[in-house]
Amino acid sequence: MPTRTDQAATPAGRVVWADVAKGACIILVVLWHVIVKHYLRIDWRIDLPVPGAWGLLGEQLLPLRMPLFFTLSGIFAANAVARPWRVAGRPRIARNLYLYATWLLVHTALLALAPGFPTDRATSLGGLLAQLTVTPSNLWYLYALALYFALARALRRVHPAVLLAASGALSAVAATGLLDSPGNRGQVYQNLVFFLAGVHLRPYLQRWAAGATRRRLVASGAAYAVALAAMALAGAESRPGVWLLVSVVAVAFGVTAAARVARLRVVGGALARLGRRTLPIYVIHMPVLALLHRLLAGPVADLNRPARVLLVAGYPVLLTALVLALSLAVHRGLTAAGAHWLFDLPRRAGTDHNREGETMSRSHAPALPDRARVEEAAWWLSGRVVRTPVLNCPAIDRLAGARILLKAENLQTGGSYKMRGAMLAVGRLAAAGHTGVVAQSTGNHAVAVALAARRHGLAATVVLPVDAAPVKVARARAAGARVVLAGTTVEERLAAARQLAAADGHPLVDAYDHPDVVAGQGSASLELIEEAERAGTPLDALVVPVGGGGGVAGACLAAAGTPVAVYGVEPVGCDSLARSLAAGRPTPVVPAHTIADGLRPGCVGDLPFAVARDAVRGVVRVDDDAIAEAFRLLLLELKVLVEPSGAAGLAGALRLVTGSDDPDGALRPPARPGGSDGALRVAGGSDGAAPGRYRTVGVVLTGGNVEADLVARLATGPVADRARMEGVAA
C-alpha cells in the first residue's frame, strides 16, 4: 500500500503571512509617528484620558514593531547571505545605503520647511555628515539593513548560536542605556539580533507560522500582555535582557497573528498588498506627516469642544490612513514622472528591475541561476503552488531492490510541475508591470502559464502543436488562454510564439530556457531532497525526465553541495541531452515517436545545458515499453495516474538501480534489431550506474495530464515480475 512521507499542510509563504506582517508593521510605525509627533502635541482640552491611552498603546507596541520588521527582513535576506559579495552587495548593501543617503538629503530639505515638527534633522553640514555615517536619522531602518546584511554575510561561517548570543548580549546592554547611542544608534544595536534570527532561524519561523492556531494566538497574545505588564510593574525595562525577552515574545505573537490574519481573504489580502509596498511608505511618510501637522494641528485645536470630543478617539486612525494613502499617491506620482531613482539604484544596462527586487535579463542570453535562486524560488512559491506529497510503495521498492521516493507533481495545480516555473516567471513579470504573456510548449507548460496568468490577472496566449493532446488544449482554454495551434516541431511553435509576442508586445515565457522557469522547476527537487532528509532516508540519486532540460537543470541546482547524484531520463530517439553531453554543446535531434509526448523537444535548451553539463551524473535512455511498464506500476501498485512523460522518471530509476546486465532486471524489453533494446545507457558520466549502488532514489513524477483512451491502452499490459512483488503490495 502506498505511503506518504509528506503529509504536512502547505507552509504559509511570503504572500500568506510574511507580507501581512510587514503590512501590519508599517501601519504601526506610521501610527506611532502620528501619535507622538502630532496627536499628543495637540491641545485637546478635554476631561478624558483618551490621548494618554493612545500614547500608552503606542508604547506597548514598541517591542513588537521594529523587532518583527527586522525579523521579516532577515527571513527575506536569508538566501542572499550565502551569495558572493559581488552578487549580493548591490541589492542588499549598496541599494539600502544609496536610498538612505538619497532620502536623508530629501528629508533634510523638506523638514527644514517645517521647523516646529518634532523629528531629528540635520541643521549643519557636520550634523548631516554625522547622520550619513555614525548617527543615523529617522531613516535608520535602511542604514541598519545595509549594516546588518554586511555583518551577516561576513560572519556567515560563524555558528548561528554564537552570533545570536553575541547580538543578544549587545541588544541587552543597549537597552540599559550604558552604550553611547546618539540619534537612533541604540535602535541599531538593539535590533541586530532580530535580523540575524530571521536569517538563521527562518525554517523554524516558517514552521511556527504554518502551525499557527487560534489557541496559539491566544496564548502568545496573553504571554505578550503578561510580559508587558510585568516589565511595567517592576520598572524593569532598562534591566539587562528584559526588553529583549519581551520583544522575543512579541515577535512570536506577531508571526502567529500574521499567519492567522493571512487566512482572512479580504483583510489578509489588503495587508499583504501593503506589505509589498513598505519602502515608499517608509521613506515618504515623515515629510507627509510634517506637512499635515503644519496644516491640521492649529485648526483641530481650535475646534469647539463637542467636535474635539467626537474627534479625539478616532483621530490617530484617520490620520494614519490619510498618511498611508498620501504616501502611496506621492510614490505613484514620482514613479509616473520617471523618478525611479528615488526608490532604487540606477539600473544597469541590460537589466530590467521589477518591484520584487529581482533582475531579469533583456538579452537572449539567459542568466545562469544557482542553488540560492532555487531556494528563493521555493520560498516565493510556498503558498502559491501545492507542496505535493512524496510517495513510496513497498512493491516498487521490492522490484527495484532500493527505496524509491516519488515526488507526486502530477497532483500539482495544472497537473504538472511546470506550474512552479510558470508561476514564478509570470509572477515576476506581473510585478514588473506586464499585462500579458506568450508561451509555447507541447502542453503542460502552456497550461501552467495560462493558469499562472489568470492567477495574476494577465492575458495569456499559448502556442501548441497541431497534434497536441486534446486534454492539454482543453485545459489551456479552460484557464482563459488564447490557444494557437502551429506545426509539429518546437521551431515552428517558437516562430509562431515570437511573432505573437512581437505583435502583442508581451514577453515570451520559454518552457525551459528561462532562469525563473529553471529555478521554479528545481523547487520540486529541492522539496524532495529536503523531505527525504527529514524522513531519515536521504537520497543517493535523483532522477528527472528530460524534455527541454529545465527540470533536470533545476534538479542539478537543488542538489548542488549535496552528495545526491542527478540523472536525466530521455526516451530512445529523443535523447538530445545525452548527445549534447557527449558533444559538449547543445545538439538537436529529430525526435522519434514516443508515448511520452512531453519529452520530444528537438534540442535541450542552452540554459539547461549550461547548468547540467558539469552537474548531471548521466542520462538514462528508456523506450516506450519501459515507460508503459512504469505507467502500469504507478497506476496499479501506487494507485497514482501519471502521464507517460512522468512515468519515464520511474522507468529510468528502475534501470538505474537494476543495471542493464541484471538477469532479473525489471522493465528490460526483448532485444531489437540494431541494438535499440532500451537498455541502460549513461552519457556524461564516467562511472556508470552499477546495480545496488544507490539505496534511496528520488523520482520527480513530472505530470499527470493524460488522455483517457491512452490510459485504457496502457493499463491493459502485464506488470513486470509479479512474483517478486507477491505478498508486498497491499
Taking [X] for its side chain and [Y] for its backbone only, find out whether a donor-acceptor pair lies under 3.5 Å.
X: Lys37; Y: Pro118; answer: yes
X: His293; Y: Leu289; answer: no
X: Tyr148; Y: Leu192; answer: yes
X: Arg95; Y: Arg90; answer: no
X: His33; Y: Val30; answer: no
X: Trp54; Y: Leu40; answer: no
X: Arg420; Y: Gly522; answer: no
X: Ser382; Y: Trp379; answer: no
X: Arg371; Y: Ala560; answer: yes
X: Arg121; Y: Ala112; answer: no

Is the closest side-chain heavy-atom distance between [X] and [Y] below 4.5 Å?
X: Arg41; Y: Val36; value: no
X: Arg263; Y: Trp17; value: no
X: Leu539; Y: Thr562; value: no
X: Ser171; Y: Tyr189; value: no
X: Phe195; Y: Leu145; value: yes
X: Pro63; Y: Leu228; value: yes
X: Trp380; Y: Leu424; value: yes
X: Phe69; Y: Ile26; value: yes

Between Val251 and Tyr224, does the side chain to side chain contact (heavy atoms under 4.5 Å, CB included) criterion hold? Intermediate values first, please.
CA-CA 9 Å; Val251 169; Tyr224 182 28; over 6 Å; no
Fit a plane to each ring of His331 and Phe343, take the angle between them on a 0 to 90° scale, and name the class: parallel (under 30°), tilted (30 to 60°) or perpendicular (over 60°).
perpendicular
Does the structure place the NZ or CZ of Arg216 under 6.0 Å from the centre of the six-membered ring of Trp208, at an angle of no more than 45° from the ring's axis?
yes
Test: Arg207 cationic atom under 6.0 Å from Tyr204 six-membered ring centre, within 45° of axis
yes
Atom of [X], atom of [Y] and distance for their closest heavy-atom approach:
X: Leu217; Y: Arg260; result: CD2-CG, 4.1 Å
X: Arg202; Y: Ala78; result: CD-CB, 4.0 Å
X: Ala378; Y: Leu526; result: CB-CD2, 3.9 Å
X: Thr388; Y: Lys407; result: O-NZ, 2.8 Å
X: Val188; Y: Pro136; result: CG2-CG, 4.0 Å
X: Arg373; Y: Asp516; result: NH2-OD1, 2.9 Å

List the atom pairs, with distances to 0.1 Å, where a side-chain N or O of residues 137-144 and a protein N or O form a donor-acceptor pair under 3.5 Å, not counting sequence neighbours.
from: Ser137; atom 1: OG; to: Leu139; atom 2: N; distance (Å): 3.2
from: Asn138; atom 1: OD1; to: His107; atom 2: ND1; distance (Å): 3.4
from: Asn138; atom 1: ND2; to: Thr119; atom 2: OG1; distance (Å): 3.1
from: Tyr141; atom 1: OH; to: Ser73; atom 2: OG; distance (Å): 2.7
from: Tyr143; atom 1: OH; to: Thr133; atom 2: O; distance (Å): 2.4

For the pair Tyr100 and Gln131, evaluate side chain to side chain contact (heavy atoms under 4.5 Å, CB included) and give the outcome as yes or no after the intermediate values.
CA-CA 10 Å; Tyr100 176 71; Gln131 288 188 339; 4.2 Å; yes
Cationic N near anionic O, under 4.0 Å, Glu527 to Arg534:
no
Electrostatic pair Asp19-Arg273, nearest N-O below 4.0 angstrom
no
Run the side-chain donor-acceptor check on residues 309-330: report pairs under 3.5 Å with partners two or more places apart or on a different chain.
from: Tyr315; atom 1: OH; to: His38; atom 2: NE2; distance (Å): 2.6
from: Thr320; atom 1: OG1; to: Pro316; atom 2: O; distance (Å): 2.7
from: Ser327; atom 1: OG; to: Val323; atom 2: O; distance (Å): 2.8

Is it the case that more than 12 heavy atoms not belonging to Arg215 sit under 6.0 Å from its CZ atom?
no
Might you confirm whether atom CZ of Arg294 has over 12 heavy atoms from other residues, nucleotides or ligands at distances under 6.0 Å?
no
Taken in chain and number order and not counting sequence neighbours, the residues that satisfy salt bridge (charged side-chain N to carboxylate O under 4.0 Å, His left out) with Glu237 are none
For Thr102 and Val283, what are the C-alpha separation, side-chain angles and deciding distance, and is it a side chain to side chain contact (heavy atoms under 4.5 Å, CB included)?
CA-CA 10 Å; Thr102 299; Val283 297; over 6 Å; no
Pairwise distance SG(Cys25) to CZ(Phe70) - rounded to 0.5 angstrom:
10.5 Å
CA sep, side-chain torsions, deciding dist, call: Thr213, Thr256, side chain to side chain contact (heavy atoms under 4.5 Å, CB included)
CA-CA 8 Å; Thr213 61; Thr256 306; over 6 Å; no
